[in-house]
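Since the structure comes first, as structure tokens, the remarks are kept for the end.
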Amino acid sequence: MEENFPRDAFEDAGYEAAVVGQKTYNGVAILSRTPLEDVSRALPGDASDDQARYVEAATVLDGRMVRIVSIYLPNGNPTDSDRFGYKLKWMERLRRHAARLLANEEPTVLAGDFNVIPEDGDVHDPAAWREDALFRIEVRRRFREILHLGYTDAFRALHRELGRYTFWDYQKGAWQKDFGLRIDHLILSPQSADLLTACDIDKGPRGKPRASDHTPIWCELSV
DNA sequence: ATGCCGGGCGAAGCCCGA
């Protein structure tokens, strides 16, 4: 819930926040050192969808409007449940909206937990994951459809190496064995891809006590 | 083919994640 978000702590640290949350389950946020404007709190295309999985905001940087979209894309497992259909529909809504965002011709970043493993090299054991909702061909196809609109996977644009992950399960010693997944992505519009100077995954936080099962991915855009 | 972790919720044990 937004009222439980530690807004004051972030303000003290110099950040404004755009937050969308719900009890127990989902939540997304954007933090910015510069004022946020034009905040959208839902992914268009289904007014009945009340899951807190989308927030979008713009801010002016160096006199130029920059737009950030923060998402928590549905997991979709099990694939024989309506959760999988919800994921596919959510991705189709995201594609439609991503197409519309291109018309702004702004530096735009689609960021977050996409729950999509793009390719074989993004999972330790592709064969074992083939039928999982994170790797099913229908899901990867929809992810590629978004890229093919003209977006760039920031990490893959700057790194050819395989086996670089953003998530490791808590179970079965996945972290110790480096059995991970690359499912958190920074997806850039042409105008932001033109400014991309660096992108990487920071494994440090995942190794700490009581860590999240995800670890940060970051990128740098420079004029 | 999942629930061996781990967190949230809420005060035990279920639900959920990926």
Side-chain angles (χ1 to χ4, degrees), chain A residues 1-7 9-10 17 19-29 43 48-55 69-94 110-144 146-147 153 155-156 162-187 201-218:
Chain A
M1 290 179 287
E2 286 94 21
E3 57 265 34
N4 294 330
F5 187 85
R7 211 174 271 280
F10 284 108
V19 182
V20 175
Q22 71 185 109
K23 191 174 178 177
T24 308
Y25 301 114
N26 315 304
V28 286
L43 177 62
S48 70
D49 182 1
D50 56 3
Q51 298 194 24
R53 296 182 175 277
Y54 186 93
V55 63
V69 171
S70 177
I71 68 162
Y72 176 32
L73 205 148
N75 175 298
N77 279 310
T79 53
D80 60 358
S81 74
D82 51 8
R83 293 179 180 207
F84 191 60
Y86 174 64
K87 179 177 193 171
L88 295 179
K89 286 197 171 65
W90 207 95
M91 294 187 80
E92 287 160 12
R93 288 163 59 200
L94 182 62
L110 314 181
D113 179 358
F114 278 70
N115 273 317
V116 177
I117 301 164
E119 299 183 87
D120 281 7
D122 299 315
V123 52
H124 64 279
D125 183 359
W129 284 81
R130 201 67 68 191
E131 295 306 318
D132 191 277
L134 279 64
F135 200 45
R136 276 277 289 261
I137 196 68
E138 303 95 316
V139 166
R140 287 189 279 155
R141 201 194 83 203
R142 281 163 179 78
F143 183 74
R144 290 197 306 272
I146 294 170
L147 294 177
D153 176 343
F155 182 81
R156 202 43 92 204
L162 308 179
R164 294 290 308 278
Y165 307 129
T166 64
F167 169 92
W168 295 260
D169 201 294
Y170 289 122
Q171 300 179 81
K172 295 179 280 192
W175 167 248
Q176 288 75 12
K177 292 186 278 193
D178 198 27
F179 286 178
L181 312 172
R182 190 171 74 91
I183 54 174
D184 300 273
H185 305 299
L186 299 170
I187 304 300
I201 296 164
D202 179 6
K203 285 178 71 173
R206 182 62 180 84
K208 293 184 175 171
R210 297 175 61 83
S212 164
D213 40 10
H214 294 256
T215 211
I217 176 171
W218 57 268

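Because the structure is predicted, anything quoted here is derived from the model rather than measured. Per chain, numbering begins at 1; letters A, B, ... match sequence-line order.
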Do [X] and [Y] come close enough that some side-chain heavy atom pair is under 4.5 Å?
X	Y	result
A:Arg53	A:Pro74	yes
A:Lys203	A:Asp178	yes
A:Phe84	A:Asp80	no

Separation of [N] [atom2] from [X] [atom1] (nearest whole Å):
X	N	atom1	atom2	result
A:Tyr72	B:dG8	OH	C1'	13 Å
A:Phe135	B:dG17	CZ	P	21 Å
A:Lys172	B:dG17	NZ	P	17 Å
A:Trp168	B:dG6	CH2	C1'	17 Å
A:Tyr86	B:dG17	OH	P	11 Å
A:Asn77	B:dA1	CG	P	13 Å
A:Asp213	B:dC16	CG	C1'	11 Å
A:Leu181	B:dG17	CG	P	15 Å

Distance, [atom1] atom - from [M] to [N], rounded to whole angstrom:
N	M	atom1	result
B:dC5	B:dG10	P	26 Å
B:dG7	B:dA12	C1'	15 Å
B:dC15	B:dC4	P	13 Å
B:dG3	B:dG13	C1'	14 Å

With a 4.0 Å cut-off, would you call A:Asp49 and A:Lys89 a salt bridge?
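No, no charged N to carboxylate O under 4.0 Å.
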Any Lys/Arg nitrogen of A:Arg130 or A:Asp120 sitting under 4.0 Å from an Asp/Glu carboxylate oxygen of the other?
yes
Please state whether the phosphate of B:dC5, meaning OP1 or OP2, lies under 4.0 angstrom from any side-chain nitrogen or oxygen of A:Arg210.
no
Residue-phosphate contact under 4.0 Å: A:Lys23 side-chain N/O, B:dG10 OP1/OP2
yes
Comparing A:Gln171 and A:Thr24 on DNA chain B - which has the more 5′ nearest nucleotide:
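In this pair, the answer is A:Gln171.
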Closest-nucleotide mapping onto DNA chain B: is A:Trp129 or A:Asn4 further toward the 5' terminus? I mean the 5' end.
A:Asn4
